[in-house]
Amino acid sequence: MCEKKNISVCFTADQFDKFSDGKSTVVVVDLLRATSVISTAFMQGVKEIIPVQTLEEALFYKGKKGYIVAAERNAKPIDGFDYGNSPYHYINADVEGKILVLTTTNGTKAINNAKDHKVITASYINIDAVVQYLLKDNKDVIILCSGWKGFFNLEDPIFAGTLSNVLLDSNKFSSVCDSLFASIELMKNAGDNLFEYLSKSSHRKRLKSLNMEEDTRYCLSPPKKSDIIPILKGDRLIVL
Ligand code: MLT
């Protein structure tokens with residue numbers, strides 16, 4: 001019987017240095033909306049995604065042939081960029097074969113914080129493929145919730161609870177992480193109607209105030225699933 005692998009949950013990008021071990025596979029989740037956008041962009045044919053930390057880094061690529069530059073701060077799109085951070089930018093859009101340069105408030109920061117590890121990104125769009133990959137990967141796992149500017153958010157830990165619960169049920173993983181067990185309890189408490197449950201979430205309210213409720217609906221209950229797993233290679237995400 002193979003020894004069980006360990007799994008833990010980190011609640012915010014800023015706390016990652018407490019979990020960093022240089023060997024675990026890190027699963028980054030920013031459910032509303034960065035990792036849902038990343039899954040959608042790859043589904044729609046984007047070739048690579050370069051997550052960057054600043055608006056200036058992203059603007060370097062503005063106007064370059066074959067590149068799309070997308071930026072979000074405080075859930076809002078930024079003037080001067082091709083896109084904001086809605087998954088709908090990529091649906092029925094001419095993005096086939098393009099390279100997306102993306103900077104968001106928390107999600108691209110979380111990816112950067114974990115870049116010394118194997119990093120994959122997850123959302124409800126590709127969760128089934130992520131589960132199958134992690135079961136075969138046979139490595140310890142850290143689920144890195146992006147949170148909001150260093151604070152806990154509701155939606156990322158609910159996703160982490162969904163993913164953790166399935167992995168623990170496989171009997172290939174074990175955990176001693178209270179954040180993980182709290183995430184599972186939160187997921188169970190949330191039930192099946194995440195859109196309703198998250199009506200109290202700060203980021204859902206933020207998106208609602210910007211008339212972006214459809215983005216929230218999409219990210220929580222995506223109409224299509226994908227088997228694409230974005231993995232960080234150097235400075236960019238590619239299709240595993
Ligand atoms: C984030 O990075 O926190 C999110 O992607 C923000 C958003 O898109 O609303």
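First listed ligand is number 1; within each ligand, the first listed atom is number 1.
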Same cluster for F195 and L154 if Ile/Leu/Val/Met/Phe/Trp/Tyr side chains link at under 4.5 Å? yes
Distance-only donor-acceptor hits, side chain of residues 221-240, under 3.5 Å, sequence neighbours excluded:
residue, atom, partner, partner atom, Å
K225, NZ, Y124, O, 3.1
S226, OG, I228, N, 2.9
R236, NH1, E48, OE1, 2.7

Between K5 and D137, is the closest basic N to carboxylate O distance under 4.0 Å? no
For the residue pair K149 and N74, confirm or rule out a side-chain donor-acceptor distance under 3.5 Å. yes
Would you please classify the geometry between the Y83 ring and the Y90 ring as parallel, tilted or perpendicular, with 30° and 60° separating the classes? perpendicular
Measure from every N or O atom of ligand 1 to the protein's N or O atoms and keep only the pairs below 3.5 Å, writing each with atom names and distance to 0.1 Å.
residue, atom, partner, partner atom, Å
ligand 1, 2 (O), D30, OD2, 2.8
ligand 1, 2 (O), T104, OG1, 2.7
ligand 1, 2 (O), T105, N, 3.4
ligand 1, 2 (O), N106, N, 2.9
ligand 1, 2 (O), G107, N, 2.9
ligand 1, 3 (O), D30, OD2, 3.3
ligand 1, 3 (O), N106, N, 3.4
ligand 1, 3 (O), N106, ND2, 2.6
ligand 1, 5 (O), D30, OD2, 3.2
ligand 1, 5 (O), R33, N, 3.3
ligand 1, 5 (O), A34, N, 3.2
ligand 1, 5 (O), N85, ND2, 3.0
ligand 1, 8 (O), R33, NE, 2.9
ligand 1, 8 (O), R33, NH2, 3.1
ligand 1, 8 (O), N85, ND2, 2.6
ligand 1, 9 (O), R33, NE, 3.1
ligand 1, 9 (O), R33, NH2, 3.1
ligand 1, 9 (O), H203, NE2, 2.8

Residues I125 and T40: closest non-hydrogen pair is CD1-OG1, 3.4 Å
